[in-house]
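For ligands, and for the atoms within them, numbers begin at 1 and follow the listed sequence.
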Amino acid sequence: MAEAEFDLIERIRARVAGREDVLLGIGDDAALLQPPPGRALVVAMDTLNVGVHFPRNTAPEDLGWKALAVNLSDLAAMGAEPAWCTLSLSLPEADVVWLETFLKGFLALAGQHRVALVGGDTTRGPLSVCVTVHGFVEPAQALRRDAARAGDDVWVSGTLGDAGAALALLMGDDGRLGPGEPALRERLNRPTPRVALGLALAGRARAAIDVSDGLLADLAHVCIASGVGICLQRDALPASPALQAALAEEPRLQLQATGGDDYELAFTAAADQREAIAAQAQATGTPLTRIGTVVVGERVRVLDADGQEWQPPRQGYQHFKA
Ligand code: ADP
Ligand code: MG
């Protein structure tokens, strides 16, 4: 390992906060961690590659935040409590300023959720960030994709399509998103992993998934894993004021149904859990919307206000309002 890489690792080590269950963190050949007795260890990993998962001009602080956020979102979708993470950095050069700025975003989110960075790897190569998160859940309470049942309600947290709109703009659509643009960009660059909601839903909801590839695509995974169909009410899909102001109805609905990178939780729950779930929405400060029903079947269908099946148009989103 080159001296420069050692310097970077030392800078990381100097800034991380510990936890009691980290017996040995950064600095040895591996970390020593003490999981709580009786709970399952939940592990997730996600990689962000430059030019594929984020544009080259992404601010390092946002990239640090997002690299951890997308992983915490996976734990939230399992109903797990986050505890530890590891970080593999591939960097074109040993840029100390870049690293310090990246860490600022990464560690800000880690601090919010008391996640300890316990190890990683630092190499030279094209810009790429790979994070692994570890958390805990009671095995019987985990929110799995295969647990939806016909008759369940389908819910989603927050709003849909904001990140997709910001991304469409970045990818060269020449429109503007209007006064709501900063809010939409914030959703793309700094997603909020729904950790508290996931914990509140563990043992209460049935199936859950985080919306990373688009609502319809992600719910299709639940349909396949659970052997069910899902029927959504198009006009129930939640939209932020910023998105409503930025886009006409058709491109907006398309982004809500198919835009990625929202990192909201979509989940199913028995109808007799409605009040309990609404109470958890209050307790965790997370807006929740009931958007459909689990049915006998095998795919996701979306119905418009007249009860007709609606298909999202493929190319709708270039029609920005302003
Ligand atoms: P080894 O050669 O044994 O893999 P490394 O030099 O790769 O050791 O890493 C030294 C220590 O620094 C290890 O504890 C490792 O987990 C930690 N580390 C390396 N890179 C990172 C990183 N990007 N983030 C956090 N810890 C890191
Ligand atoms: Mg190593």
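- Taking a 4.5 Å side-chain heavy-atom cut-off between Ile, Leu, Val, Met, Phe, Trp and Tyr, the cluster of Leu24 extends to Leu23, Leu32.
- Residue Leu117 places no N or O, backbone or side chain, under 3.5 Å from any N or O of ligand 1.
- Remark: side-chain polar atoms of Arg204 are paired, donor with acceptor, to backbone N or O of Ala200 under 3.5 angstrom.
- For the residues Ser90, Gly25, Gly120, Cys130, the heavy atom positioned nearest atom 18 (N) of ligand 1 is part of Gly120.
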Ignoring hydrogens and angles, write down the donor-acceptor pairs under 3.5 Å from the side chains of residues 277-284, residues two or more places apart or on other chains.
from: Thr284; atom 1: OG1; to: Gln280; atom 2: O; distance (Å): 2.8
from: Thr284; atom 1: OG1; to: Thr286; atom 2: OG1; distance (Å): 2.9

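- Thr132 places no side-chain N or O within donor-acceptor distance of the main-chain N or O of Thr86, the cut-off being under 3.5 Å.
- Listed for the Asp304 side chain is a donor-acceptor partner under 3.5 Å among the backbone atoms of Asp306.
- The ligand atoms of ligand 1 that sit less than 4.0 angstrom from a heavy atom of Asp29 are 3 (O).
- Residue nearest to atom 13 (C) of ligand 1, selected from Asp28, Leu99, Ile26: Asp28 (by heavy-atom distance).
- Residues Val228 and Ala150 come closest through the heavy atom pair CG1-N, 4.2 Å.
- The closest donor-acceptor contact from the side chain of Thr101 to the backbone of Val97 lies under 3.5 Å.
- At a heavy-atom distance under 4.0 Å, atoms from both the backbone and the side chain of Asp121 approach ligand 1.
- Annotation for ligand 1: atoms under 4.0 Å from non-hydrogen atoms of Thr122 are 19 (C), 20 (N), 21 (C), 22 (C), 23 (N).
- When only interatomic distances are considered, the shortest N/O to N/O separation between Val118 and ligand 1 does not fall below 3.5 Å.
- Taking any N or O of Leu89, backbone or side chain, none lies under 3.5 Å from an N or O belonging to ligand 1.
- Heavy-atom contacts of Gly27 reach the following atoms of ligand 1: 11 (C), 13 (C), 14 (O) (cutoff under 4.0 Å).
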